[in-house]
Amino acid sequence: MSSSLATYIRKLENEVKARFVGNEEAIHVAILNLLHHRSTLLIRAPRGVGKSTLMLLLLKGIFGDDFVIISGASEVKRGEVLGRLHIPSLEREGIEKVIWATFVKAKGKGLDEVNRLNPYTAANIYHMLQFGEVWAYGQRYQIGDYTLIANENPHDPTTFVHPPPFYDRFDVVVYLRPLSLSEKFKLEDILEKYGNSLVDSMPQVLSHEDLEEIRNEVSQVELDVELKGFINLLIRDLQICIRGKEYSEIKPPALCEGCHFIREVCSLIREGPSERATIVLTQLAKAKLWLEGKVTEEDILRLAKWVLPHRIVLAKTTMIFRDIDEILRRERTKMHERELRKQWYLLKELYKKFDRALYARAAEIALEDPVFAEELIRLEKIWISKGILNKEESLMHYLGIPEWT
Amino acid sequence: MQRDSFLQFLRKVGRRSGRIYSLSNTRSSTQTTASELLDVLFLGKSPSDHIIANRLEVKELREMIEELEREVSKLREENKRLKIILLLLLSFLIIFIVVVL
């Protein structure tokens, strides 16, 4: 880690926090999320809580005045977002030459009220977020690295309903909360200090080149294999279903009736997170390690709070943050129990060779942990094919898991 | 190898767990963990079961076993004393009965 580059990031965070009251954890996560390539952030909040201000503060801190914002509106034109045809070339030479929009070319991009974007624009942005390129009139523009910060009010009545995969492309979604009484006083003091122009007073703390250098360094940070395992386990816990909910027409909780794992976290989740959740959590963990010199399993659970809510559909939602908090609390206990059971050591031994006594012990443990069961079943399939184990005595048979899974 | 990093994870996590011990192969139960010894004693695990323990847990268990052994020898002493007292009382009772009757 270059200490001067880390100083820039700390300064950026301090400058934003000096102008934005409360929501400290959300700001910290937003800053960490800036430290990987093609970073995307969505700020969600009700009206007047400061989502556009936070977006502008972050963009201004990195790009000065060199960024482009598209205001979400159903009438936003294709030319404004993507590009338009160069009419003289078309008229004189019959060539379709595209003049790409400044939004496409800008390194710093903002999307105000993203839920108001029309489906056509949203689809183009979706493609850009997915592949780092845009298409117009049959021509492609490779965008390279960028930073995109968007905001929306989820209760906005004029909302277009974008499909869940669109939101999945946002690395992190931060939810801002309204200010408490003491924070309102603090806001008044800050407004007075900066002459009511919070955004105008925000200095450019680093350049995009600095940010690129930081992103390169962060991408090379090596995470400990145990921490990687922790991230993978956490996400797999939220995805797994021994009854294959991803392809089932019936979803939890109805699908879970009579299932051995009905008390597990999996029964609370209708649709689990995509693999992007793993990628983003890994990127955030690397960023934290780069910036602060350490990252723990507890940090991963705290970061997951910002990575999961827009990627999970729960069987029953009351308040998404509270529900996710509860799931993460259960995950914390589950990880501890796994540690006590020493189950991964058993699995390692079973990978080396089949041992009936060890297998019996592992099968017992598997009945308490669907992710462990899934890995044990993988081994069972190999043993069954080699004739070491009878299908009828396998865990797969006991749990009634079809062979194609 | 697709699963190399997974095996690396298993090895790294496994290193903390210690070694596998088979209860039937151990001459003394000092090679079991404290918690698993309790399992054996109170939950009826069979001696052919395998347990996994690390050095710290084995050390912890040794201390526990020593403590238990001290308790047991103390109880044995106590038991011996009680037996002698009971025997004496019984003798007195027999003598009393014989003399009185």
Side-chain angles (χ1 to χ4, degrees), chain A residues 222-237 275 278-279 281-282 285 296-297 300 334-366 368-369 371-372 374-379 381-382, chain B residues 1-69 71:
Chain A
E222 273 290 320
L223 283 186
D224 181 76
V225 71
E226 255 188 87
L227 204 69
K228 281 189 208 169
F230 187 87
I231 294 172
N232 289 336
L233 257 175
L234 174 66
I235 301 302
R236 191 61 194 142
D237 273 339
E275 291 312 323
T278 317
I279 296 167
L281 261 180
T282 305
T296 62
E297 292 175 355
I300 300 296
K334 201 177 170 72
M335 298 288 188
H336 181 62
E337 284 168 358
R338 281 175 172 144
E339 185 81 12
L340 292 180
R341 289 195 294 253
K342 299 164 178 178
Q343 59 193 56
W344 303 117
Y345 179 69
L346 264 181
L347 194 68
K348 187 200 85 171
E349 291 299 311
L350 288 170
Y351 258 98
K352 280 198 243 166
K353 68 173 185 347
F354 178 77
D355 177 299
R356 196 158 287 276
L358 283 188
Y359 168 66
R361 179 81 190 276
E364 210 176 284
I365 291 171
E368 293 174 42
D369 184 352
V371 173
F372 185 72
E374 183 181 43
E375 292 304 326
L376 190 62
I377 287 168
R378 273 174 187 275
L379 283 179
K381 284 178 183 169
I382 299 170
Chain B
M1 293 282 282
Q2 196 204 330
R3 296 179 74 79
D4 259 4
S5 57
F6 178 53
L7 289 178
Q8 204 185 330
F9 162 73
L10 292 182
R11 272 199 293 272
K12 177 92 191 283
V13 178
R15 218 169 287 148
R16 256 205 320 269
S17 306
R19 286 180 49 196
I20 289 188
Y21 296 94
S22 167
L23 292 182
S24 58
N25 294 339
T26 52
R27 287 185 64 194
S28 135
S29 51
T30 51
Q31 280 173 311
T32 64
T33 65
S35 62
E36 276 158 330
L37 175 75
L38 293 175
D39 282 351
V40 175
L41 292 175
F42 302 111
L43 301 177
K45 276 200 173 182
S46 90
S48 63
D49 279 352
H50 288 74
I51 57 109
I52 307 164
N54 62 34
R55 272 188 195 174
L56 202 73
E57 288 164 327
V58 168
K59 189 175 166 238
E60 187 186 299
L61 183 83
R62 262 192 204 124
E63 286 165 8
M64 195 182 169
I65 296 286
E66 280 165 17
E67 182 73 20
L68 281 171
E69 277 171 359
E71 283 291 314

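Each chain gets a letter, A, B and so on, in the order the sequences are listed, and its residues count up from 1. It should be emphasised that the depicted structure is a prediction, and the values quoted were computed from it without experimental measurement.
A/Glu339 meets the side-chain hydrogen bond (donor to acceptor under 3.5 Å, both in side chains) test with B/Arg16; sequence neighbours excluded. Looking at residues two or more places apart in sequence or on another chain, you find a side-chain hydrogen bond (donor to acceptor under 3.5 Å, both in side chains) between A/Lys352 and A/Glu349.
Here NZ of A/Lys348 is found 8.0 Å from CZ of B/Arg15. Values are rounded to the nearest 0.5 Å. To the nearest 0.5 angstrom, B/Phe9 atom CZ is 9.5 Å from A/Leu347 atom CG.
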Evaluation steps, side-chain contact (heavy atoms from CB on, under 4.5 Å), between B/Lys12 and A/Asp224
CA-CA 10 Å; B/Lys12 177 92 191 283; A/Asp224 181 76; 2.7 Å; yes

